[in-house]
Structures are given as structure tokens and as C-alpha cells.
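Quantities reported herein were computed from a predicted structural model and do not represent experimental measurements.
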Amino acid sequence: MNMDFDRKLAIPAEVKEMYPLSRPLADIVDRRRVAVKEIISGHSDKLLLVIGPCSADNEDSVIDYISRLRTVQEKVADKLFIVPRIYTNKPRTTGEGYKGMLHQPDPNGKPDLFKGIVAIREMHMRALAETGFSCADEMLYPENHKYLDDLLSYVAVGARSVEDQQHRLTASGLEVPAGMKNPTGGDIDIMMNAITAAQHSHTFVYRGWQAHSHGNPHAHAVLRGYVDKHGKSHPNYHYEDLIHLAEAYAQRDLQNPAVIVDTNHANSGKRYLEQIRIAKEVMMNRRYSDTVRSLVKGFMIESYIEDGAQPIGGGCYGKSITDPCLGWEKSERLIYDLAELM
């Protein structure tokens, strides 16, 4: 093979032994997983809010941000359930650029995957211990999920991964709700096929084992907009899109029909301020239509301490080094507004 093998990495069981999760913290994770499942299944009327930085690039600023969310969560607990984003892997369309804390625990340093594995586990554990939040992460690499699987309450399968067989089969074995995004080209059938696969049982190879999954009944849709052949972004969060998705669900024998609306990416054309308008429009459509209300379970929102984005090494504390995010003051106001629109 035309590659060098630098060193063999510790397996997940070894890393978990080095950085174990205490029983009291594990109980928090379990309770929060149940709460998310109740929202996806419709047994709870609360709105799910998966919110946070595009990529978790600095532990201190991420924990600072999540600590602020804790205060807000207590004020809206009767209407909203917040799952912070701690996304530690960053998909790159061309393979170039910052690939997330797993690869580079120091965005200015060289890749170091073992340090990255430790860093992402410690960050998720710190968030849990200091704020009581178990968080969401993207399953960019299915084989790496075991390093964090005891800590998460929500998993996203991205637009570039949703067509991949290993992602679909691994999602079918997760104990947490898995949001399956529509692909970048926008084909809803591809997303629905992914949900179907994730909700059924499979036998497949996973980390060198013959594995048998039992199906994930809480796998669901995430609408994030799409890009046409000319590179132009198009939204898919409008009323007609949501009704179309409800019809697509009705044509399939799937459990727990649900969608989370991603307010950034192609839905906003990466114009991060549009997230406010998009979320409020969807909330008004939930008020207008019982079908939309029963289908739309929440939002994904890209949010950080400071508005916008900066280059790596830009030096602004709490500002994204990947996609631009909504700053804290606007995010806080939006969360309160969403609670009032319930």
C-alpha cells in the first residue's frame, strides 16, 4: 500500500479504561437519551435543539459556550430540550483543511490521532461533569464511534456519509437517536433509504468483528438543504418540503416519523444570520399544520460565542474556524423566541 503506518492506536476499550465514565455520569447520559427518544417518538411535546459550534476547536471556549446553554436550558426546560453540539470531526469536501479535534487537538499543530482521541473524550466528559449535558457528535468515521459511544445522546450522519453502507449499518446498532441528513444533491429517497436501513437489523463487519445490529427505531430525517449541479444552494425547510417529507414517510413502513431541520448549511446558503428567520418560519408552519407539527421535532443550529468565522489562528476567542456561526447573544434570544412560539 502506498502509505506509512506510524503507530498502532489504542482500541476504544483501552481508552475507556484510561478515561472511565463514572456511574453517576452514566446515569445522566441514560436519562438524557430517554428524553431525546421520547421527543423523536412523539411521547414528549418538547422541541429538540441540537445547537453549538460548527466544529469543536478549543476545549475551553466550547465548555464556556455549553455552560451558558445550561443557564438557558433551566429557563426553557418545560418546552425545549437542548443537546449541545460537540462535533469533533469535520468532513472536508476536497480532503483539504481542518479535519477537527480528532485529527488536530491543536488546530495550529500537526495531526496526532492518539492525542486527538484522548482530547475529544476528555472534552465530552468535561461537558458532562461540569454542565450535566451529554452532547451530540457527528459519526464521520463509524469505526471511531466506540471511543465516544458511552457519552453521547445524539448522533448525526452527515450529507456526504448518508449513502455509505457502513454508516447505515453502524447507525442501525446505535443506542441513541441517529439523524440521517439528506445528501448534498438533495435526493430525499436516498435519505429515506438510509433511515430504512438504520431502522432494521443487519449482520456486518465492524472493527474486525462479525457484528449483529438490532435496528435503531429512532433513526430519523435531517433536512439541510442541497446544492445543484451549478453549485447553487437550495433550501428544503419550507412548508411544501415538509409536507413532501411527511408523504415520503407515509409511503414507507418506518417507525417514529420525525425530522430535525438544519438551519444552516445549504438551507441558509451558509448565511448564518438566516438561521433565525428559518427557525421561526418552521415554527409558524408547525402552528399552521398538524402534520408539520407532528413531524418536525426540532432544529440543528450552528452557534458559538462570537458571530461569524475566522481563519485558523485568527485569535478571536469563541469564534468558529470552520463554517460561520450565530453568536451567543443572538442564539440566546432565538432560544427564548422558539420557546415562546411552541
Side-chain angles (χ1 to χ4, degrees), residues 12 33 36-37 39-41 48 50 83 85 87-93 95 99-100 102 136-227 236 244-262 265-266 295 297-298 300:
R33 286 178 175 180
V36 176
K37 289 177 181 179
I39 294 171
I40 297 299
S41 66
L48 180 64
V50 182
V83 178
R85 289 170 53 113
Y87 279 28
T88 55
N89 305 276
K90 179 64 181 173
R92 312 305 307 194
T93 303
K99 296 183 178 69
L102 173 69
D137 207 336
E138 180 174 355
M139 188 173 67
L140 186 58
Y141 309 103
E143 290 75 14
N144 293 346
H145 175 73
K146 291 292 289 182
Y147 289 109
L148 297 175
D149 67 339
D150 56 336
L151 293 164
L152 304 178
S153 287
Y154 187 92
V155 168
V157 176
R160 298 165 187 81
S161 303
V162 75
E163 295 186 63
D164 177 67
Q165 183 80 338
Q166 191 72 1
H167 282 83
R168 293 177 174 188
L169 300 187
T170 303
S172 74
L174 300 184
E175 295 183 15
V176 297
M180 316 294 283
K181 288 195 172 186
N182 67 263
T184 54
D187 191 333
I188 296 300
D189 281 340
I190 290 174
M191 177 182 67
M192 300 305 291
N193 289 339
I195 297 169
T196 302
Q199 288 199 2
H200 288 81
S201 61
H202 304 277
T203 300
F204 60 106
V205 177
Y206 186 75
R207 296 189 61 88
W209 289 79
Q210 177 176 307
H212 180 76
S213 65
H214 299 283
N216 184 346
H218 299 96
H220 59 275
V222 178
L223 294 179
R224 48 89 70 196
Y226 62 97
V227 179
N236 60 7
H244 175 67
L245 180 59
E247 292 170 348
Y249 261 115
Q251 293 170 5
R252 296 179 180 243
D253 184 22
L254 291 172
Q255 300 179 69
N256 303 315
V259 64
I260 302 295
V261 175
D262 181 341
H265 297 98
L295 183 68
K297 305 299 185 181
M300 286 185 178

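Under the ring-ring contact (aromatic ring centres under 6.0 Å, His included) criterion, H212 pairs with H214, sequence neighbours left out. Under the side-chain contact (heavy atoms from CB on, under 4.5 Å) criterion, D189 pairs with D187, R252, not counting sequence neighbours. Under the salt bridge (charged side-chain N to carboxylate O under 4.0 Å, His left out) criterion, R85 pairs with E302, not counting sequence neighbours. Considering only residues two or more places apart in sequence or on other chains, K181 meets the salt bridge (charged side-chain N to carboxylate O under 4.0 Å, His left out) condition with D262. In this structure D137 satisfies the salt bridge (charged side-chain N to carboxylate O under 4.0 Å, His left out) test with no other residue, sequence neighbours excluded. Under the rule for a side chain to side chain donor-acceptor pair (under 3.5 Å), the partners of H220 that lie at least two apart in sequence or sit in another chain are Y154. By the ring-ring contact (aromatic ring centres under 6.0 Å, His included) test, Y206 is found to be paired with no residue, residues two or more places apart in sequence or in another chain being considered. With sequence neighbours excluded, no residue forms a side chain to side chain donor-acceptor pair (under 3.5 Å) with T184.
Taking every heavy atom of both residues into account, P257 and K297 meet most closely at O-CE, 3.9 Å. Residues A136 and V83 share a closest heavy-atom pair of N-CG1, 3.6 Å. Taking every heavy atom of both residues into account, Y249 and A221 meet most closely at OH-N, 3.3 Å. Contact detail for I40 and A258: the closest heavy-atom pair is O-CB, 3.9 Å.
We find the CD1-CD distance between I190 and E163 to be 3.5 Å, quoted to the nearest 0.5 Å. Note that CD1 of I195 is 11.0 Å distant from CG of N256, once rounded to the nearest 0.5 Å. Taking NE2 of H218 as the reference point, atom CD of Q255 lies at 8.0 Å (rounded to 0.5 Å). The distance from atom CG of L254 to atom CD of Q199, rounded to the nearest 0.5 Å, is 5.0 Å. Residue M300 holds its CE atom at 11.0 Å from CZ of R224, rounded to the nearest 0.5 Å. Between the NZ atom in K37 and the CD1 atom in I39 there is a gap of 13.0 Å [rounded to 0.5 Å].
When side chains are defined from C-beta on, N182 counts as touching N236, because their heavy atoms get closer than 4.5 Å. Side-chain atoms of K99 and N89, non-hydrogen and from C-beta on, never get closer than 4.5 Å to each other. Looking at heavy atoms from C-beta onward, L245 lies in side-chain contact with M192 at the 4.5 angstrom threshold.
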Just distance, no hydrogens or angles: give the donor-acceptor pairs under 3.5 Å from side chains in residues 138-148, sequence neighbours left out.
unit_1, atom_1, unit_2, atom_2, d
Y141, OH, H103, NE2, 3.0
K146, NZ, D149, OD2, 3.0
Y147, OH, A10, O, 2.6

Distance-only check: which donor-acceptor pairs under 3.5 Å involve side-chain atoms of residues 170-177, not counting sequence neighbours?
unit_1, atom_1, unit_2, atom_2, d
T170, OG1, Q166, O, 2.7
S172, OG, L169, O, 2.4
S172, OG, S213, OG, 2.6

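R33 places a side-chain N or O within donor-acceptor distance of the main-chain N or O of L152, the cut-off being under 3.5 Å.
Identified under the ring-ring contact (aromatic ring centres under 6.0 Å, His included) test for residues 158-182, with sequence neighbours left out: none. The salt bridge (Lys or Arg N to Asp or Glu O under 4.0 Å) contacts involving residues 203-222 comprise nothing, where partners must be two or more places apart or lie in separate chains.
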Fill in: Residues V222, V259; criterion side-chain contact (heavy atoms from CB on, under 4.5 Å); working and verdict
CA-CA 5 Å; V222 178; V259 64; 5.8 Å; no

